[in-house]
Number of protein chains: 2
Amino acid sequence: MLAKSSTELVRQKNSVLVLTALRRHGPLAHTELSDFTKLSSATISVITTDLERAQIIEKAEHQTASGRGRPRVLFSQRRNCGYLIVVIISSDAVQYSLVDYAGRLIDRFTEDRQQTVSNVASFVRGLRDALNRIVVRSRLSRDKIMMISISSKGLVESSEPVLRWSPIFGREQIDFAAVLRDEWSAKVILDNETLLVAAAVGRLEENKKGRDFRALAALSLGHSIGLGVVRRGDEGKLQISAPNFGHMLHMPGGGLCRCGSRGCIEAYAGFYAILRTAFDVPLDTIPAKFVPVAELDKIATSARQGSRRNIHAFRQAGLALGYGLSRVLSLHESMPIAITGPGTRYYDLLLEGISEGLAESHVVRMEGMPELRVMADEPTLVFEGHLNRALAMMDDDIVRSGVAVAELNEQTV
Amino acid sequence: MLAKSSTELVRQKNSVLVLTALRRHGPLAHTELSDFTKLSSATISVITTDLERAQIIEKAEHQTASGRGRPRVLFSQRRNCGYLIVVIISSDAVQYSLVDYAGRLIDRFTEDRQQTVSNVASFVRGLRDALNRIVVRSRLSRDKIMMISISSKGLVESSEPVLRWSPIFGREQIDFAAVLRDEWSAKVILDNETLLVAAAVGRLEENKKGRDFRALAALSLGHSIGLGVVRRGDEGKLQISAPNFGHMLHMPGGGLCRCGSRGCIEAYAGFYAILRTAFDVPLDTIPAKFVPVAELDKIATSARQGSRRNIHAFRQAGLALGYGLSRVLSLHESMPIAITGPGTRYYDLLLEGISEGLAESHVVRMEGMPELRVMADEPTLVFEGHLNRALAMMDDDIVRSGVAVAELNEQTV
DNA sequence: GATTTTTTTCTCGACAGTCGAGAAATTTAG
DNA sequence: CTAAATTTCTCGACTGTCGAGAAAAAAATC
């Protein structure tokens with residue numbers, strides 16, 4: 001059964017409300033906070049002084065005197081309240097970013113991964129080194145890092161930061177919490193990359209449409225195929241999930257996939273799969289680990305010039321996606337689909353197959369063709385998603401622990 | 001953005017907590033309520049006296065003096081606080097049940113639907129008549145009916161009580177809210193039948209395993225195919241959804257389905273589809289509206305005696321289900337599957353195909369074969385599901401409106 | 001039968017939270 | 001220098017939950 005409610009919980013929730021308003025709209029004055037949160041002015045006063053005393057927010061130094069009347073004082077997060085490290089693992093590199101509590105990027109570097117060595121042990125060594133490096137370089141104390149937010153393609157455990165399966169490491173699991181526990185007190189979270197894209201796009205949509213926004217799917221096309229779904233939950237919150245779409249069954253007994261199964265969607269729509277179809281390689285060939293985009297570009301231009309076989313390859317890929325998407329829509333509800341990733345450059349070639357695949361299903365016949373839209377800049381969306389999720393979690397954690405602790409400190413002073 | 005929190009909301013939530021405990025465990029004493037809800041004794045006192053004054057709960061007449069000490073006084077719902085009508089629409093009949101606030105069945109009757117006439121207008125007339133009849137027969141005042149909970153197979157709008165598509169009425173939609181608005185002030189809700197099965201089974205599982213329960217799918221086999229999914233949500237609540245599983249795409253360009261599309265799962269695993277395969281009827285034959293179970297029984301016994309063709313028919317059905325389920329598990333997570341409905345009598349014949357279909361997918365290779373379990377008594381589960389959902393909603397509504405109103409009445413006295 | 005023990009329920013004061021209204025602060029306009 | 005405008009702060013009222021102990025009521029004991 002559900003937990004009981006209490007007055008302290010009320011305060012916690014309303015404090016988080018204030019912090020979220022600050023995240024969404026940047027520095028805000030007392031009055032604006034009251035407007036956004038619908039809390040009374042008196043309550044805002046109490047909460048802000050609490051948060052200020054707890055060193056979580058601060059009043060802006062110079063207030064812009066705009067218009068007459070008593071000048072507003074803007075509240076904003078204290079940047080040094082805590083820090084976040086974002087780790088984005090992609091097939092050929094790992095990007096590390098250090099971000100402060102206000103969401104400002106402080107430091108960033110990218111480490112290339114050697115494609116030959118996809119050894120978990122060496123990857124973990126690299127991860128540890130890089131994390132150490134970024135924190136040393138910043139001259140921050142280690143325990144100021146409150147959260148490490150990691151993303152990868154592949155299958156992620158929902159409750160713990162465990163990578164169950166990934167295109168890079170296969171079935172070699174990585175438990176990031178276990179790996180980092182001894183060196184870091186920070187909370188470690190792990191999300192599927194396309195889930196973060198969905199989170200970011202969902203946020204954008206909600207900003208635009210407000211409560212009218214119902215649901216959206218983000219489809220990432222590349223060497224592997226990812227899907228993230230955002231839907232409005234029962235209580236109005238947005239709920240995000242990352243279906244294992246790339247390895248959903250497309251064709252029983254079909255082409256061999258990188259995952260070892262047969263007939264996955266990825267085995268028809270992933271870059272290596274398109275290549276395989278284009279070159280008429282037998283479907284049970286062990287797929288290439290990595291396909292240079294230039295290779296695929298060649299096939300695409302030849303397809304655009306009329307090459308039957310290459311057109312067919314993209315069409316097959318599109319069909320696999322279309323059928324798969326139709327199944328997703330059956331299982332959830334009809335929703336717009338935002339397409340990202342390097343594969344969007346072949347959108348013109350894929351579209352026909354996608355549409356045809358979608359069109360056959362009962363949902364689409366009922367609800368009509370869902371809106372398809374291309375969103376080019378996937379890396380930015382992934383990073384946005386990281387910030388959205390991780391910083392919101394930090395707000396939550398800080399309110400739960402921070403205020404109480406800080407007030408205890410106050411008392412002893 | 002989320003709504004703000006307030007002390008009144010706290011009281012509401014905790015009141016609901018008390019009512020839910022009463023639902024779950026039957027009549028409870030002050031002490032037990034305190035134990036179950038983790039609320040302090042003092043709070044329980046305040047809440048119970050409030051609810052009692054608002055005529056929502058009452059103290060039991062005769063308290064059983066068991067053991068020494070001050071005897072417990074048991075609280076229970078006031079039966080006449082409000083009533084619920086449950087309407088279960090199935091392919092050949094509609095069942096009406098009148099239930100009081102404590103969940104006790106007061107009256108029930110079943111109306112046969114003529115299979116020839118599947119006319120929405122006449123159905124609606126029948127519905128209105130039957131609802132009137134059940135309330136007149138009970139001698140209750142019309143406005144004592146607080147809720148009408150309807151279920152059907154098919155596709156249901158999630159936010160409104162609108163039947164979008166059903167095996168009975170096809171694409172002729174029914175907006176039950178609109179239909180009943182003029183005669184009834186009661187809240188009208190509509191759920192997919194298998195969703196209710198899932199809700200009921202999920203409740204049972206949670207009672208057994210508590211917080212360890214993660215997720216479960218209920219699969220209903222019959223003339224049509226239904227699926228309900230229960231999963232534990234972010235905040236620990238159980239979330240229920242009814243994917244449009246029967247009409248998820250199984251085989252592109254495949255057999256013609258009752259819905260008019262081709263290749264739906266139902267077009268391979270529904271009763272009419274099994275018949276079609278068994279008799280080698282062309283796959284684009286317009287499917288029979290209704291198949292007597294005796295017909296299918298014959299095919300089954302012949303299959304059990306070794307008839308190749310009939311074994312094949314059930315195997316095809318099993319495969320369609322297995323592939324479909326594998327896709328559901330890909331899209332959510334691996335979870336046990338509870339199988340209900342009249343089709344369970346052919347479980348022995350279907351199992352091989354189901355298992356084979358499941359086994360091919362990436363999820364099952366990763367997580368192992370999900371637990372399959374047969375739950376025979378579907379009608380009971382559907383009714384249980386109705387009660388679970390509708391009465392919980394009534395608790396919620398009553399607390400939100402009832403307490404305040406009743407207290408106003410008090411003041412005027 | 002009176003007293004003690006045990007168990008349950010009720011009550012009181014302390015403390016935490018939100019809110020509306022109006023006071024206080026502070027700048028611009030005239 | 002005063003009035004108007006605007007924002008922030010403060011006070012008292014109200015509603016919550018909680019812990020501790022009083023009150024109630026039956027069984028056990030002397």
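Letters A, B, ... are given to chains in the order of the sequence lines, protein chains preceding strands, and every chain is numbered from 1. None of these values were measured; they are calculated from a predicted model.
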In whole angstrom, what separates [X]'s [atom1] from [N]'s [atom2]?
X: A:Arg11; N: D:dT17; atom1: CZ; atom2: C1'; answer: 15 Å
X: B:Leu39; N: D:dG19; atom1: CG; atom2: P; answer: 11 Å
X: B:Asp50; N: D:dT17; atom1: CG; atom2: P; answer: 9 Å
X: A:Leu33; N: C:dC19; atom1: CG; atom2: C1'; answer: 17 Å
X: B:Glu8; N: D:dT15; atom1: CD; atom2: C1'; answer: 6 Å
X: A:Leu17; N: C:dG17; atom1: CG; atom2: P; answer: 15 Å
X: A:Lys38; N: C:dT18; atom1: NZ; atom2: P; answer: 17 Å
X: A:Ile47; N: C:dC19; atom1: CD1; atom2: P; answer: 9 Å

Is a side-chain N or O of [X] found less than 3.5 angstrom from the main chain of [Y], in a donor-acceptor match?
X: B:Thr49; Y: B:Ser45; answer: yes
X: B:Arg214; Y: B:Met335; answer: no
X: A:Glu32; Y: A:Ala29; answer: yes

Hey, is the side chain of [X] poking within less than 4.0 Å of OP1 or OP2 on [N], counting only N and O atoms?
X: A:Ser6; N: D:dT17; result: no
X: B:Arg72; N: C:dT8; result: yes
X: B:Ser40; N: D:dC18; result: yes
X: B:Ser45; N: C:dT11; result: no

Considering only [options], which nucleotide approaches the side chain of [X] most closely?
X: A:Asn14; options: C:dA25, C:dT18, D:dA25; answer: C:dT18
X: B:His30; options: D:dC9, C:dT9, D:dA25; answer: C:dT9
X: B:Pro71; options: C:dA16, C:dT9, D:dA25; answer: D:dA25
X: A:Ala29; options: D:dT8, C:dT18, C:dT9; answer: D:dT8

Task: Cation-pi check, B:Arg104 onto B:Tyr83 ring (under 6.0 Å, within 45° of axis) - done: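 Geometry flag: not set, cation outside 6.0 Å or 45°.
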
Open item on the list: At 4.0 Å (heavy atoms only), tell me whether A:Lys13 reaches a base, stays on the sugar-phosphate, or touches nothing.
Closed with: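 Nothing: the residue A:Lys13, judged by heavy atoms under 4.0 Å, touches no strand.
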
Task: Verdict with reasoning, B:Thr48 to B:His30, per side-chain hydrogen bond (donor to acceptor under 3.5 Å, both in side chains) - done: CA-CA 8 Å; B:Thr48 49; B:His30 184 109; 5.0 Å; no

Open item on the list: For a quick check, tell me whether the side chain of A:Ser41 and the base of D:dC9 share a donor-acceptor pair closer than 3.5 Å.
Closed with: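 Yes.
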
Open item on the list: If you assign each of A:Val10 and A:Ala42 to its closest nucleotide in DNA chain C, which residue comes earlier from the 5' end?
Closed with: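 The answer here is A:Val10.
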
